[in-house]
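Nothing here was measured: the structure is a model prediction, and the numbers come from that model. Numbered from 1 within each chain, the chains take letters A, B, ... in sequence-line order.
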Amino acid sequence: MANEVEITDKKQPAHKKYVLKKRAPQKTNYKINYEQELNSKQLEAVMSNEGALLVIAGAGSGKTKTLTYRVARLIEDGVAPENILLLTFTKKAAHEMLSRATLVLDNRCERVAGGTFHSFANIILRKYASALKLKNNYTIMDRSDCEDVINHIVGQMFPKKEKRFPKKSTLLDMYSKSVNKETPTKIIIENEFPQFEHCIDKIIEVHKAYVVYKRENSILDYDDLLLYLKLLLENNEGLRQKISGEYKYIMVDEYQDTNTLQADVIKLLASVHKNIMAVGDDAQSIYAFRGANYKNIFDFPKLFDNTKIIKLEQNYRSTQNILELTNTIIGKAKEKYDKQLFSEIVSPVKPALICAKNTQMEAEFICQRILELLDEDVELGDICVLARNARMSYSLEIELSKRAIPFRKVGGPKFMETAHIKDIAAHLRVLVNPDDVISLTRILLLLRGIGNSAVNNIIPVIKGNFNPDIKLLPSNKMNSLAPLLKVLDKERSKIATKKPSEIVEEIIHYYRPILKDKYDDFSKREKDLEHFQYLSTQYSNLEDFISDMALEPPDASVEGMYKNNSDDDALTISTIHSAKGLEWDSVFIIGAVDGRFPSAYSFNSEEEMDEELRLMYVAATRAKNNLYITYPVDMYDYSMHMVLSKPSRFLDNIPDDILELWDIE
DNA sequence: TCAAGGCCATGCTGG
DNA sequence: ATGGCCTTGA
């Protein structure tokens, strides 16, 4: 909206020059008093309209608030919610922002299009799959499925074992980086996996076969979702116009963790109108292992001409004492960051570094300190324990259970990745997509008497045709195969009419005997099946259910934690990666022992060490008032054959007026 | 020849 | 707790 219009007098001398005055924002017409609730920088971002805008937002500087209020402000100015696209890192972040926007404005905000890049890509691709010659019932594979496919391909191409050939997960890392960084596999291997240069040709051959395999079987992995979205937008002028026109205002959160493929998608999405607002913090980039590059954020102005840049530097979250520590930490990076956050929140309490004799004592300290915090009127839901990886909290989880302190765990091994849940999901996938050979293989291998070679004979016959009367194996093997075919045949015909939860129920009923046969601890796993069934009741379409479970898998399966969704009064245990963007009154960072955090595997790479450092920075900046960093000194490291006993090097030589040192007696 | 069970080593973070 | 590898058993 141009506020200033000048009628020029160049060619029309007879006309009088009339200047429209700049209108002050019409605050009286807004329901929200933006000027009062935001600082000047935030306000500038919220009030900006057309064009590209980059907001560099330090930790706790009101990034979420800025995004939330901009959504509200656009809607107040008459933009249809459906025309706004909010891309975030997790679905949860999108939901949180939109419900906050709903609180400050009204429920129109719920209609804003939002979610992760991947879920957005999925929505668009299901709609326009045919433009890419793709079936729209394609399966989305999670990581372990992809690994199975790769293993299958390697086994076919090189029946004899190759010497020092990368493991399936390493292969997948290479391919994924190649796609996300838009760099040939060859270069990725040379730069990041030089130990495998000797078999570079074979690795590339496997990659090609992997791509073909996915195409032939209507399978997409996470990277394909982004890649195909890019191709769709790139190669279909008409569709690009249409989609870009639909999403007239685009906002991207956590821009520092996007990769070049995502940057391309954004560029294409905004190609028609260039109304794009990106928000991020280069000092909080922690996803390099997934192809993200914190430098991406500085390249944003290269994607869009005349990018306006706004910096948010005042922190509203943490005490100044905590910020003094975090400023010191980030100051240790090899690559320098322009970060000196300040806060007006004053408190006498200082962050503390606590040495524990072992993980047991570390756990006891945390439990005791938590109980003291509760006495100081901190709520349990306002306390979080952060760890570099999910395993580090095992001792603590035991201690918490002993003391009956409720907790929920975020990050780490996924519910959907547990073997029994994958088994059930594989049955459902075969129902939706009978071409899904990987899932079919998985469910056949569950049967007694059927192994790899039998599977290879069976699949060509039953692919897409689950006739239970077929006779293709000796009768003893048919006895285990027939019940499977029967249930698949029966449910396949009802896929369109039955509720997903009813189909899941039938599959679980069929699968339960297999579960009991396969696992000694089946009763615990049976509870997971019940939970899975419960999740399915939230859906009216089986395909949506399966896609969602792949794109936004529910948190780790922790016994007894299921029904506590509404129970906010529990301690949070989280990986640092999963704590991105969140905040708590009191934060414990555990396992801060050198060799684990930073991990010893990062020692010889400056870039990886910087990423570990940023991770520590992200962890420490989650805390509002109390920050405790603990480390046990009895950790044995198998790879280095030594006991780890020093605190994280990121906390070395920090004066004790910034970081207090505690010993446990 | 194929399936199944046992044993050993172990690199995490996630859509 | 899990995948990879080897041995055993049918």
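- Qualifying salt bridge (Lys or Arg N to Asp or Glu O under 4.0 Å) partners for Glu608(A), counting only residues two or more places apart in sequence or in other chains: none.
- What separates CE of Met635(A) from P of dT10(B) is a distance of 18 Å, to the nearest Å.
- When the side-chain contact (heavy atoms from CB on, under 4.5 Å) test is applied to His152(A), the partners found at least two apart in sequence or on another chain are Gln156(A), Tyr213(A).
- Contacts of Asn452(A) classified as side-chain contact (heavy atoms from CB on, under 4.5 Å), with partners at least two apart in sequence or in another chain: Leu445(A).
- Among residues at least two apart or in separate chains, salt bridge (charged side-chain N to carboxylate O under 4.0 Å, His left out) pairs with a member in residues 281-293 of chain A are Asp281(A)-Lys339(A), Asp282(A)-Lys339(A).
- Among the atoms of the strands shown, none is found under 4.0 Å from any heavy atom of Arg614(A).
- For Arg448(A), the salt bridge (Lys or Arg N to Asp or Glu O under 4.0 Å) partners two or more places apart in sequence, or in a different chain, are Asp517(A).
- Evaluation of the salt bridge (Lys or Arg N to Asp or Glu O under 4.0 Å) rule for Lys127(A) yields no partner, not counting sequence neighbours.
- With sequence neighbours left out, the side-chain contact (heavy atoms from CB on, under 4.5 Å) criterion links Leu231(A) to Leu132(A), Leu227(A), Tyr228(A), Glu234(A), Asn235(A).
- Residues satisfying the side chain to side chain donor-acceptor pair (under 3.5 Å) criterion with Arg512(A), sequence neighbours excluded, are Glu526(A).
- Within the 4.0 angstrom heavy-atom criterion, only backbone atoms of the sugar-phosphate kind lie near Lys168(A); the bases stay farther away.
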Tabulate atom names and distances for all N/O pairs under 3.5 angstrom spanning the protein and nucleotides 13-15 of chain B.
residue, atom, partner, partner atom, Å
dT13(B), OP1, Ala390(A), N, 3.4
dT13(B), O2, His577(A), NE2, 3.4
dG14(B), OP1, Thr575(A), OG1, 3.0
dG14(B), OP1, Ser578(A), OG, 2.8
dG15(B), O3', Thr116(A), OG1, 3.3
dG15(B), O3', His118(A), ND1, 3.4
dG15(B), N2, Asp223(A), OD1, 3.0

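- Ring pair Phe588(A)/Tyr628(A) is parallel by interplanar angle, where below 30° counts as parallel and above 60° as perpendicular.
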What N/O pairs connect the protein and nucleotides 2-4 of chain B at under 3.5 Å? Give each pair on its own line.
residue, atom, partner, partner atom, Å
dC2(B), O5', Ser453(A), OG, 3.4
dC2(B), O3', Ser453(A), OG, 3.2
dA3(B), OP1, Gly451(A), N, 2.7
dA3(B), OP1, Gly451(A), O, 3.4
dA3(B), OP1, Ala454(A), N, 3.2
dA3(B), OP2, Asn452(A), N, 3.0
dA3(B), OP2, Ser453(A), N, 3.2
dA3(B), OP2, Ser453(A), OG, 3.4
dA3(B), O5', Gly451(A), N, 3.3
dA4(B), OP1, Gly449(A), N, 2.5

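- Counting any heavy atom pair closer than 4.0 Å across all strands shown, Asp548(A) reaches no nucleic acid atom.
- If you walk DNA chain C from 5' to 3' and mark each nucleotide with an atom closer than 4.0 Å to a heavy atom of chain A, the marks span dT2(C) to dC6(C).
- Residues satisfying the salt bridge (Lys or Arg N to Asp or Glu O under 4.0 Å) criterion with Arg622(A), sequence neighbours excluded, are absent altogether.
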